[in-house]
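Chain A is the first sequence line, chain B the second, and so forth, proteins listed ahead of strands; every chain is numbered from 1. From a predicted model like this one, the values you see are computed outputs, not experimental measurements.
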Amino acid sequence: MMANIRRVFGSFIPLCIAMHNGYKVSPSEGAGKFYKESSTRLSRPEVMPIAKGQLDWRALELKWQRRWEEARIFEANPDPNRPKCFVTFPYPYMNGLLHVGHAFTATRVDAYARYKRMKGFNVLFPWAWHWTGATIAGQCERLKRKDPEMIRILTQADKVPPEELDRLTDPVEMARYFTERGRKAVRRMGFSVDWRREFYTTSQHPHYNRFIEWQYKKLRELGCVVRGTHPVVWCPSCQSFVGDHDRLEGEGVRPEEFTLMKFKLAGSDAYLVAATFRPETIYGVTNMWLNPDVEYVEARVDGETWIISPQAAEKLADQGRSVQVLRSFRGSELMGKSCLSPIDGRELPILPGWFVDPDYATGVVYSVPAHAPYDYLALRDLKRQPERLAQFGIDPAVLDKIEPISMIEVEGFGDYPAIELVEQMGVKDQYDPKAEEATKIIYKKEFHEGILKPICGPYAGQVVRAVKAKLIEDFKAKGIADSMWELPARVVCRCGTKCHVKLLQDQWFLKYSDPAWKEKARECVERMKIYPEAARSWFLEVIDWYLDWPCARKMGLGTPLPWDPEWLVETLSDSTIYMAFYTIMRAIRAYNIRPEQLTEEVLDYVFLGRGDPGEIAGRVGLEEHVLREMREEFLYWYPVDLRNSAKELVPNHLTFFIFHHVAIWPPELWPRAVGVNGMVMVEKKPMSKRRGNFVPVEDAVELYGADATRCALLLGAEGMDDPDWSDENARAVKANLESFYNLVLELAKASGGEFGRPERWLLSVLQARIKAVTEAMEELKTRTALSTAFYEVWNDLRWYLRRKMGKPHGPTVRQAVETWVKLMAPFAPHICEELWERLGKEGFVSLAKWPEPDEAKIDLEAEEGEELVKGVLEDLGEVIKVLKVEKPRRACLYVASSWKWKAYLRALEAAREGRPDVGAIMRSLMQDPELKARAKEAASLVKQLVKDIMDISPEERERRLKLGQLDELAVLKEASAFLAKEVGAEEVLVFREDDPDRYDPKDRAKLARPYRPAIYVE
RNA sequence: GCGGGGGUUCCCGAGCCAGGUCAAAGGGGCGGGCCUGAGGCGCCCGUGGCGUAGGCCUGCGUGGGUUCAAAUCCCACCCCCCGCACCA
């Protein structure tokens, strides 16, 4: 028996060290053989030693991982008698090692899986590997070229031994290599995975390949896959598109679509084709700008003659236009001529504009001086330097005829916003950088708030933003407008060539723009659970925003499109419904089904229930029952109950996942829930291989063990917040887990003791903890759940043990500790298994029944009693501190008399209706003769009581009201020895305030209030 | 720029939706005490300021506002993180 509280916490570990000194654990010896000899002092030979005051985590974790595997407890088979729960983690991409970010997301899934399993669900948590895409192939290329950065990343971040590098130049080898290491890491984390269903993607896995072929046949049948063209950033020298990572300049720059307005050149069939983002301003056009110093061409473009820059002609040719350059000339040639406004045929002079860049869009710009700063500036510059006009033989008088035309109304400006702003900002001329700034301001303002004036015909009175798309469509229909793609900023390829936009022909697209498809996806989002709820609007936003997605590429690894095999399904498009494949992977292995047996009709039957299983089975040489079993297994596990990922996947993978499910399956098979979490930071910075703060799972596990890694990650954050991984924190969590382990073992030895209020209190608060952890897990709030299960329960026990001064009640403590271990099992499964075994429990804690809160154990009197003791202890401490006495000789407590309690309870009642009114309470109290006799005293008391009451939570008020008068005298008398010990007093005396025999030299008793006994310290 | 999420006491983080329970949970770190042969572990106390009786003052990105009362509600501003398309 423990002699006192200090011994409970202070001495047992050294004792354990003494007991086990000399036992050295060799990890290679495996489960059950960790010691040189069987411990004679521990009753069970297989339990873990505590080596050097610390656990041998590695040996302990390997032991339980092996036992789980041997017992095959995570292999989930359909069982109609149990509710199922199918949870998934997006298979990781195998271009490198798994890192703590993967571990974080997967640990959340695993903790949820383990929780649900303990709740009695038949839980399936499968795992697979993503090989699809060009990234791995790209890495191999870089490796072949001996790119030093690539070698550095592979050898340092991914810790590939240099001698392996040669082998990894083959993409399949690289994928396989990282898959092997990844699998080891996943196992070491103790994830409760059913490995029978493991696979990897691409044509390298013929079964999966069949599945993707089937999926795309279905999508095509449904009209979800269509052919079309697509703009990409293109390098004319490399003849290939240029992704963000292949650029020297222009990261993040994407193609944008310009509107082209066609102005007929007066007395000619040719059009001056001006490019703009603001076609609505056509109503305010006053003249045309060409750069007189650069070259232009006249070209046949789709049967029309266009005047544009030669660069533009080249770009248009890459955008699916038929382009034939007829002649080339300098811009100066057209100066002083005129063209016609496409809207109303007004004649517009063509003037020299040196700001016009032939490299940008068409090199032709129309002028709207009222609303475009550059246009106003260029006109102003010409007026100031009429000689520059004369140089082209233009009569400067032409400028006098140009009046700005106001066509957009915008608050805070008059008729000519561009002019006002230019003057206000003091922009010098068209070469002043401030011109750009002014342009941005006007554009933004007019786009969002601008209203078109009556001059704008059918669009008058409308907001620019609202009408723009319609206007473009109308102009195109009338044949006065066209469009072209252009990059809003310079992009330079790795090879040094300037890029432009190319429109790729005959691409295969997933038609995410389809309104009917979007609608179904929205419906799915609306009906599913989303953790955290804040992510829901994000999904809806993304679905709304999606355009068609090019779903196939010609490079890298993947599954060829069945009807056009030179195209491979790209990586985000072959990972959308594969969770269904997990459901049949078990049978494929068990029955040794060959890939060619997974025909379209077989999979139609399995996943869609189409056709006659007997006939189909016969045709492919399978037993009918096998086919039926696969169908049943699919229907058993589907739909997906939870898919959890990091938030970066919301706008892509998770949304695809939703789109494809709603396309292929009826609503009852749509996903039930998605979880989204933050991205792991390492020492507060985003993890990056290049930056060198990349933390592989294998390293974390090696240093801290699986349980500590899991807990440190889960304690980091929940919701969409980003958790931070730091060594300091991981170390601290590991130490906490070790203390948890030692404390549980020590407490399990407790025997004897008495059952009283502290025991009732402990069991009562434990029920609240169980409830809180359970509720948090249901919402996937893993941080709240773990922190409650771990720290809050610990604090409860801490108080209890302190309160019992080292004499805990064996059975109660044991019960508490068993519950504690169960609550911790989803998070720190290895150490909990070990404890479970050491506690002498049968079976795996992983399969133990999750605790349920027991209403019968909830004990208001005990909880309020302990609250009182805590409060008194705190107040005593405060008083002693202020008095600056080292060791008080004696402390006296005086509990409130019953008339005060009457007033207190009345005040509590009054507080139910909001802020209590002192007057009203008094009036009602005065009905009672006992109180009426003390009216004066009562009045000041009630004021104080109302203050007290408003200082506690409404729930607490309700509890106290429900409980009624607490027998404070009994509670405190029972606790007096404890209080005396805590404050270091010789004795603590407790009296009723109206006890005539009380010891009360300073006459303090009258200050007593309910839950606040009066105190006298000497 | 657009969309999403945030800014809380030394650090991480709860609280904010449903205003008073909040000097503000929990953890970490740090300081002191106890325990120990010593260390680690554990336990207790402290960790904005003041205080010779359980209390008072200041305080939750910045600036306003609503209210008897605001970390919590409203407005404006500043700052940080994530995603933005052929890429996993």
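Looking at heavy-atom distances under 4.0 Å, A/P532 makes no contact with the nucleic acid at all. Within 4.0 Å (heavy atoms only), A/V733 reaches no atom of the nucleic acid at all. If you check every strand for non-hydrogen atoms under 4.0 Å, A/S573 touches nothing. Contacts of A/A772 with the nucleic acid, taken as non-hydrogen atoms under 4.0 Å apart, are absent. Within 4.0 Å (heavy atoms only), A/P686 reaches sugar-phosphate atoms of the nucleic acid but no base atom. Counting non-hydrogen atoms under 4.0 angstrom, A/Y1016 reaches a base of the nucleic acid. Within the nucleic acid shown, A/L547 comes within 4.0 Å of at least one base atom, counting heavy atoms only.
Closest to the A/E792 side chain, of the nucleotides B/A53, B/G26, B/G54, is B/G26. Listed nucleotides B/G29, B/C41, B/C43 differ in distance to A/A732; the shortest reach to its side chain belongs to B/G29. If you check B/A53, B/G42, B/G5 against the side chain of A/L883, the one that comes closest is B/A53. Distance from the side chain of A/D722 is smallest for B/C81 among the nucleotides B/U52, B/G27, B/C81. Ranking B/G83, B/C43, B/G26 by closeness to the A/E648 side chain, first place goes to B/G83. Distance from the side chain of A/E728 is smallest for B/G29 among the nucleotides B/G83, B/G4, B/G29. Listed candidates were B/A53, B/G26, B/G5. Nearest to the side chain of A/R1004 is B/A53. For A/D721, taking side-chain heavy atoms from C-beta onward, the closest of the listed nucleotides B/G3, B/G5, B/G54 is B/G5. Checking B/C81, B/G83, B/G26 against the side-chain heavy atoms of A/P651 singles out B/G83 as nearest.
Separating the P atom of B/G15 from that of B/U72 is a span of 15 Å, rounded to the nearest Å. Nucleotides B/A14 and B/G64, compared at atom C1', are 28 Å apart to the nearest Å. Here, B/G5 and B/C43 have their P atoms 40 Å apart, quoted to the whole Å. Going from the P atom of B/C11 to that of B/U62 covers 14 Å, rounded to whole Å. To the nearest whole angstrom, the two C1' atoms, one in B/C57 and one in B/C2, are 46 Å apart. Taking atom P on both B/G49 and B/G65, the two are 30 Å apart, rounded to the nearest angstrom. Nucleotides B/U8 and B/C80 are separated by 15 Å at their C1' atoms, to the nearest Å. Rounded to a whole angstrom, the distance from the C1' atom of B/G20 to that of B/U66 is 16 Å.
Remark on RNA chain B: of its neighbouring residues A/I952 and A/K684, the 5'-side contact belongs to A/K684, judged by nearest-heavy-atom nucleotide. Comparing A/A717 and A/D548 by the nucleotide of RNA chain B whose heavy atom lies nearest to each, the residue mapping closer to the 5' end is A/A717.
To the nearest angstrom, C1' of B/C45 lies 16 Å from NZ of A/K870. Counting to the nearest Å, the P atom of B/C44 and the CG atom of A/L876 are 18 Å from each other. One interatomic measurement links the two molecules: CE of A/M950 to C1' of B/C68, which rounds to 12 Å at whole-angstrom precision. For the pair A/I530 CD1 and B/G5 C1', the computed distance is 15 Å after rounding to whole Å. Between A/K947 atom NZ and B/G20 atom P the separation is 18 Å, expressed in whole Å. As rounded to whole Å, 14 Å separates atom C1' of B/G28 from atom CG of A/D727. Residue A/N677 contributes atom CG, which lies 15 Å from atom C1' of B/C81 at whole-angstrom precision. Atom pair A/N729:CG and B/G29:P shows a separation of 9 Å (rounding to whole Å applied).
Taking the six-membered ring for Trp and the full ring otherwise, A/Y200 and A/Y91 have centroids separated by 6.0 Å or more. The ring of A/F659 has its center closer than 6.0 angstrom to the ring center of A/Y512. Aromatic ring centres of A/F178 and A/W129: separated by at least 6.0 Å. Taking the centre of each ring, A/F277 and A/F447 stay at or above the 6.0 Å mark.
Distances shorter than 4.0 Å separate some side-chain N or O of A/R798 from OP1 or OP2 on B/C43. Contact check, A/S739 against B/G42: a side-chain N or O comes under 4.0 Å of OP1 or OP2. The phosphate of B/C45 has OP1 or OP2 within less than 4.0 Å of a side-chain N or O from A/R802. Contact annotation: A/W799 does not reach the phosphate of B/C44 (side-chain N/O to OP1 or OP2, under 4.0 Å). Of the side-chain N and O atoms in A/N795, one or more sit less than 4.0 angstrom from OP1 or OP2 of B/G27.
Within 6.0 Å of atom NZ in A/K947, 12 or fewer heavy atoms from other residues, nucleotides or ligands are found, so the atom counts as exposed in its surroundings.
You'll find a donor-acceptor pair under 3.5 Å spanning the side chain of A/K881 and the base of B/G51, going by distance alone.
A salt bridge does not link A/E728 to A/R731: none of the charged nitrogens lies less than 4.0 Å from a carboxylate oxygen. Between A/E982 and A/R802 a salt bridge is recorded (basic side-chain N to carboxylate O distance below 4.0 Å).
Under the Watson-Crick or G-U wobble criterion, with both distances below 3.5 Å, B/A38 is left unpaired in every strand shown. In this structure B/G3 sits in a base pair with B/C82, meeting the Watson-Crick or G-U test at under 3.5 Å.
Screening A/F827, A/W794, A/Y791, A/W820 against A/F740 for a ring-ring contact (aromatic ring centres under 6.0 Å, His included) leaves a single residue, A/W820.
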*Hey, mind stepping through A/R960 and A/I952 against side-chain contact (heavy atoms from CB on, under 4.5 Å) and telling me if it holds?*
CA-CA 10 Å; A/R960 289 188 177 179; A/I952 57 175; 3.9 Å; yes
